[in-house]
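Here the structure comes first, spelled out in structure tokens, and everything after it is commentary.
Bear in mind the structure is a predicted one, so any value in this text is a computation, not a measurement.
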Amino acid sequence: MLGRLLKHEFKATSSYYIPVIIAMVLLSLMLKLSFLINSDSIFLSTEIESFSNIVQGVLLLIYIIVISGSFFLSIFFIARRFYHNLFGDEGYLMHTLPVSGSQHLNSKLICSFVWNLILIVLALLSFFILFSDNETFSIYSYLISILINEIKALEISAWITGLFITELIVMIPVGILCSILTLYVSIAIGHHFLSSHRFIGAVLSYFVLSVINSTITSTITNLTASAYNNPALVVNFTDLCNLLLTTLSVTLIITVIEMIAYYCITRYLLNNKLNLN
């Protein structure tokens, strides 16, 4: 049944995400073309070059608006669909299906995660392609080789470097899931505890959870910053790398704990405390 829910969810949300993805791809191609034309401006007349610069500036502005706006609108779209589909008028129909609240939650979470991961990957790829050429690739390769040589010179163990990179990569999907679940649990809490003012309840819940998360993160950062100046902990650069790795590991663990807690709370409220009246 989860497969059917996912199929329906992707079909229903594609009307928003696919046009955004197409717009990102088209703008990236058009902007890259304008960069290529301007790179050969020596062969253009002054009037054409001026017009090309204006077009490039307009395209760049639209590109920035589309990229940044797509993520903000995605947050709004995720929250709106979750609320109306499960807690609003549509909820009366959705909850008559032979499907548990957990399956509804899983389908929406997976769908939102996939779409937002696609947006992030496309945004990174488009940015990399737009502002990269043969010269830039050479600079990237040179900087990477310097970084590798410095790591070897400082005798930083391979497992520390590998673990650090792995945790950075893992933080991307974990961060996406945690952000989505923060929206979900805020809506569920607001609906349950402030049924007469559900929107206000959801906003307040999101604000409180964000403050708690920010407090925990800042506390970890402050502890790390104070440790930098502690000669007992940081003797050499390897100790500093270990400290940074520990900070990242703790942050990742806390994020995973938050993600699991938000999921369990949302699931419990959907399965046991749902009230659409």
Side-chain angles (χ1 to χ4, degrees), residues 68 71-72 74-80 82-83 87 102 105-106 108-110 112-117 119-120 123-124 159-194 197-234 237-273:
S68 56
F71 290 104
F72 286 111
S74 179
I75 294 173
F76 171 78
F77 183 76
I78 290 171
R80 182 180 179 277
F82 184 74
Y83 174 78
F87 296 98
S102 301
L105 174 61
N106 292 338
K108 295 188 180 303
L109 180 61
I110 293 172
S112 298
F113 170 77
V114 171
W115 282 124
N116 281 274
L117 184 61
L119 287 181
I120 291 174
L124 292 175
W159 78 268
I160 292 180
T161 306
L163 185 59
F164 188 82
I165 294 174
T166 301
E167 290 187 358
L168 282 177
I169 295 173
V170 171
M171 276 295 294
I172 296 175
V174 169
I176 295 173
L177 288 171
C178 192
S179 299
I180 296 171
L181 285 168
T182 304
L183 293 172
Y184 288 175
V185 74
S186 300
I187 293 171
I189 291 174
H191 182 274
H192 178 67
F193 291 101
L194 288 174
H197 302 284
R198 295 169 182 174
F199 176 77
I200 297 176
V203 172
L204 288 175
S205 299
Y206 186 84
F207 176 77
V208 171
L209 291 174
S210 298
V211 169
I212 294 173
N213 182 44
S214 299
T215 302
I216 294 174
T217 304
S218 62
T219 301
I220 295 174
T221 304
N222 291 334
L223 289 174
T224 305
S226 62
Y228 289 161
N229 300 320
N230 189 345
L233 293 177
V234 182
F237 190 77
T238 302
D239 292 334
L240 179 60
C241 291
N242 287 328
L243 189 60
L244 289 173
L245 179 61
T246 302
T247 303
L248 180 61
S249 300
V250 173
T251 304
L252 179 60
I253 291 171
I254 291 175
T255 305
V256 170
I257 292 174
E258 289 178 351
M259 180 181 69
I260 295 173
Y262 294 163
Y263 177 85
C264 291
I265 293 172
T266 308
R267 178 183 176 183
Y268 173 77
L269 292 175
L270 274 174
N271 287 332
N272 302 289
K273 300 293 182 179

Next on the checklist: Other residues, nucleotides and ligands only: do more than 12 of their heavy atoms fall within 6.0 Å of CZ on Phe71?
Outcome noted: yes
Checklist entry - Roughly how far apart are Ser249 OG and Phe164 CZ, rounded to 0.5 Å? => result 9.0 Å
Checklist entry - Quick one: CD1 on Ile260 to CD1 on Ile265, what's the gap to the nearest 0.5 Å? => result 12.0 Å
Item to check | Spacing of Ser186 atom OG and Phe207 atom CZ [to the nearest 0.5 Å] | outcome: 12.0 Å
Item to check | Expected output: side-chain Tyr184 to main-chain Lys108 donor-acceptor under 3.5 Å | outcome: yes
Next on the checklist: For the CD1 atom of Ile189 and the OG1 atom of Thr266, what is their distance to the nearest 0.5 Å?
Outcome noted: 7.0 Å
Checklist entry - Between Asn106 and Tyr263, is any pair of side-chain heavy atoms under 4.5 Å apart? => result yes
Checklist entry - Mind checking whether Trp115 and Ile78 have side chains closer than 4.5 Å, heavy atoms only? => result no
Checklist entry - Any side-chain heavy-atom pair from Leu117 and Pro173 closer than 4.5 angstrom? => result no
Next on the checklist: With side chain to side chain contact (heavy atoms under 4.5 Å, CB included) as the criterion, how do Glu258 and Ile212 come out once you've worked through the C-alpha distance, each side chain's angles and the decisive distance to 0.1 Å?
Outcome noted: CA-CA 10 Å; Glu258 289 178 351; Ile212 294 173; 5.6 Å; no
Next on the checklist: To the closest 0.5 Å, what do you measure between CZ (Arg267) and CG (Leu181)?
Outcome noted: 12.5 Å
Next on the checklist: To the closest 0.5 Å, what do you measure between CD1 (Ile257) and CD1 (Ile216)?
Outcome noted: 9.0 Å
Item to check | Pair Leu105-Phe82, side chain to side chain contact (heavy atoms under 4.5 Å, CB included): steps then yes or no | outcome: CA-CA 9 Å; Leu105 174 61; Phe82 184 74; 4.1 Å; yes
Item to check | Whether Asn213 side chain and Leu209 backbone form a donor-acceptor pair below 3.5 Å | outcome: no
